[in-house]
Amino acid sequence: MNKQNIRYSFNDDWTYQGNPVTLPHDAMLGADRNKNNPSGSAGAFFAGGIYTYEKTFECPEEWLHKNVVLQFEGVYRKTKVYVNEQEAGGCLNGYFPFFVDLKPFLKPGKNILKLTADNSEQPNSRWYSGGGIYRQVWLWVCDEDGIGPETIRITTLSCNPPTVHIDAPEGAEIGILDHENVIGNGNEITLPDAKLWSDETPYLYTCRAKKNGDIWEENFGIRRITWSAEGLSVNGKNTLLRGGCIHHDNSILGAASWKEAEWRRVRILKEAG
């Protein structure tokens with residue numbers, strides 16, 4: 001949870017191949033489908049292609065003195081991102097979330113964002129991959145010397161006694177909270193009375209980092225996971241996990257990741273044990 005930096009949803013007012021779309025969006029689902037397409041049965045016989053998205057947005061003057069970063073949760077695949085016709089970043093892999101620093105390319109007023117995803121080389125997957133910007137996009141506006149996205153990392157060092165280590169930007173003040181009660185401060189903290197996280201008792205604490213007016217919060221559980229020939233252990237307890245081979249698409253909805261569909265997937269798995 002971020003209380004000072006601003007995270008904007010960046011999913012509205014895009015165009016795909018010139019047509020208006022709202023993200024997430026599966027571009028492959030709208031492609032031609034033919035039994036002779038090289039994607040084959042694994043790709044549901046859809047054609048691949050190069051997908052082009054564009055979005056126009058306004059940049060206030062104050063953003064020029066901040067860090068402005070785009071976060072893509074998932075784009076399939078071989079992505080390139082352009083800002084005002086300059087290449088700003090991208091990602092080859094279709095399943096990695098990635099960030100693009102917009103600051104060097106921004107200008108006051110209207111800015112044009114363009115993204116291309118190349119899914120033309122078929123077949124490239126053993127299952128239906130979908131294509132294009134199939135997960136959400138976020139815009140982060142952060143102070144230059146504050147706390148940016150994914151700069152806080154919490155690691156369990158020990159469960160007996162419960163001890164955690166926090167990596168954070170230099171100069172950040174760190175506190176651990178149980179609900180709203182501060183129970184520890186510092187980058188390495190032992191919490192003798194802490195409750196351990198497990199699949200049956202998913203107890204969470206909050207790490208709060210402060211720097212130059214920025215306040216950033218991350219929820220976490222204290223747990224130790226190990227595995228060996230004897231199986232998987234959580235906090236020293238042998239734990240049997242049951243699951244299935246679940247791909248990232250949502251059946252006839254395609255590869256676009258909708259909140260309701262993802263929640264339904266998790267609910268059904270939990271109900272199955």
Side-chain angles (χ1 to χ4, degrees), residues 2-31 48-121 124 129-152 169 211-214 216 248 255-258:
N2 167 24
K3 292 195 172 182
Q4 182 65 31
N5 299 337
I6 299 174
R7 186 181 78 163
Y8 298 95
S9 172
F10 222 57
N11 297 311
D12 297 332
D13 303 320
W14 288 79
T15 62
Y16 165 66
Q17 316 290 60
N19 299 308
V21 294
T22 299
L23 305 180
H25 175 255
D26 182 358
M28 194 176 192
L29 192 63
I50 297 176
Y51 317 126
T52 302
Y53 296 83
E54 290 192 3
K55 177 180 173 69
T56 300
F57 65 99
E58 293 290 323
C59 173
E61 185 77 32
E62 58 265 27
W63 284 12
L64 302 180
H65 308 290
K66 293 180 177 289
N67 290 329
V68 183
V69 180
L70 266 183
Q71 177 186 6
F72 293 90
E73 291 190 1
V75 186
Y76 199 88
R77 65 182 188 125
K78 292 188 174 181
T79 305
K80 292 184 179 180
V81 179
Y82 303 85
V83 181
N84 299 322
E85 299 184 348
Q86 299 183 72
E87 187 170 346
C91 183
L92 290 175
N93 191 288
Y95 298 114
F96 285 171
F98 63 97
F99 292 86
V100 177
D101 182 7
L102 302 188
K103 184 178 179 180
F105 312 99
L106 291 177
K107 60 183 181 180
K110 185 175 78 170
N111 289 256
I112 299 175
L113 178 67
K114 177 182 174 181
L115 179 146
T116 63
D118 187 347
N119 191 27
S120 61
E121 298 173 345
N124 61 47
S129 65
I133 311 176
Y134 65 91
R135 290 194 175 178
Q136 296 192 72
V137 179
W138 304 94
L139 180 74
W140 295 89
V141 180
C142 315
D143 286 344
E144 288 184 321
D145 194 28
I147 302 174
E150 296 201 356
T151 56
I152 306 295
K211 184 180 180 184
N212 295 336
D214 280 2
W216 196 285
H248 78 287
S257 181
W258 303 107

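Starting from 1, each residue takes its place in the sequence as its number.
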>> Assess, by modelled atom type and distance only, whether the side chains of Asn67 and Glu144 contain a donor and an acceptor separated by less than 3.5 Å.
In response: no

>> Under a 3.5 Å threshold, yes or no: a donor from one side chain and an acceptor from the other, between Asn119 and Tyr76?
In response: no

Can you check whether [X] reaches [Y] side chain to side chain, under 4.5 Å on heavy atoms?
X: Pro104; Y: Val83; value: no
X: Thr56; Y: Lys110; value: yes
X: Ile6; Y: Tyr8; value: yes
X: Val75; Y: Tyr51; value: no
X: Leu106; Y: Leu64; value: yes
X: Phe98; Y: Gln71; value: no
X: Asn84; Y: Leu113; value: no
X: Pro24; Y: Gln136; value: yes

> Which is it for Glu150 and Phe99 under the side chain to side chain contact (heavy atoms under 4.5 Å, CB included) test, yes or no, and what are the steps along the way?
Replying inline: CA-CA 10 Å; Glu150 296 201 356; Phe99 292 86; 3.6 Å; yes

Can you confirm whether or not the ring centre of [X] sits under 6.0 Å from the ring centre of [Y]?
X: Trp63; Y: Trp140; result: no
X: Phe105; Y: Tyr82; result: no
X: His25; Y: Tyr16; result: yes

> How far apart are the C-alpha atoms of Val69 and Cys142, what are their side-chain angles, what is the distance that settles it, and do they pass the side chain to side chain contact (heavy atoms under 4.5 Å, CB included) test?
Replying inline: CA-CA 8 Å; Val69 180; Cys142 315; 5.6 Å; no

Hey, could you give me the [atom1]/[atom2] distance between [X] and [Y], rounded to the nearest 0.5 Å?
X: Asp145; Y: Asp214; atom1: CG; atom2: CG; answer: 9.0 Å
X: Asn212; Y: Ile147; atom1: CG; atom2: CD1; answer: 8.5 Å
X: Arg135; Y: Asn11; atom1: CZ; atom2: CG; answer: 13.0 Å
X: Asn93; Y: Cys91; atom1: CG; atom2: SG; answer: 5.5 Å
X: Asn124; Y: Lys78; atom1: CG; atom2: NZ; answer: 8.5 Å

>> Can you give me the closest heavy-atom contact between Ala117 and Gly132, atom names plus distance?
In response: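 For Ala117 versus Gly132, the nearest heavy atoms are CB-CA, 4.4 Å.
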
>> Testing the basics here: between Val68 and Asp101, what is the closest heavy-atom pair and its distance to 0.1 Å?
In response: O-OD1, 3.4 Å

>> For Trp14 and Leu23: C-alpha separation, side-chain torsions, deciding distance, then whether side chain to side chain contact (heavy atoms under 4.5 Å, CB included) applies.
In response: CA-CA 8 Å; Trp14 288 79; Leu23 305 180; 3.4 Å; yes

> Where do Thr15 and Tyr53 land on the side chain to side chain contact (heavy atoms under 4.5 Å, CB included) test, with the steps shown first?
Replying inline: CA-CA 6 Å; Thr15 62; Tyr53 296 83; over 6 Å; no

> Any donor and acceptor pair, going by atom type alone, linking the side chain of His248 with main-chain N or O of Ser129 inside 3.5 Å?
Replying inline: yes

> Can you check whether Gly130's main-chain N or O pairs, donor with acceptor, with Asp26's side chain at less than 3.5 Å?
Replying inline: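 Side chain of Asp26 to backbone of Gly130: no pair is present.
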
Is the shortest side-chain N to carboxylate O distance from [X] to [Y] below 4.0 Å?
X: Glu121; Y: Arg77; value: yes
X: Asp143; Y: Lys66; value: yes
X: Glu85; Y: Lys114; value: no

> Among Phe72, Trp138, Phe57, whose ring pair (Phe, Tyr, Trp, His ring centres under 6.0 Å) with Phe10 holds?
Replying inline: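 Exactly one candidate clears the test, Phe57.
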
> So with a 6.0 Å cut-off around CZ of Phe96, is the heavy-atom count from everything else above 12?
Replying inline: no

> Counting heavy atoms not belonging to Lys55, are there more than 12 under 6.0 Å from its NZ?
Replying inline: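 It does: Lys55 NZ has more than 12 such atoms within range.
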
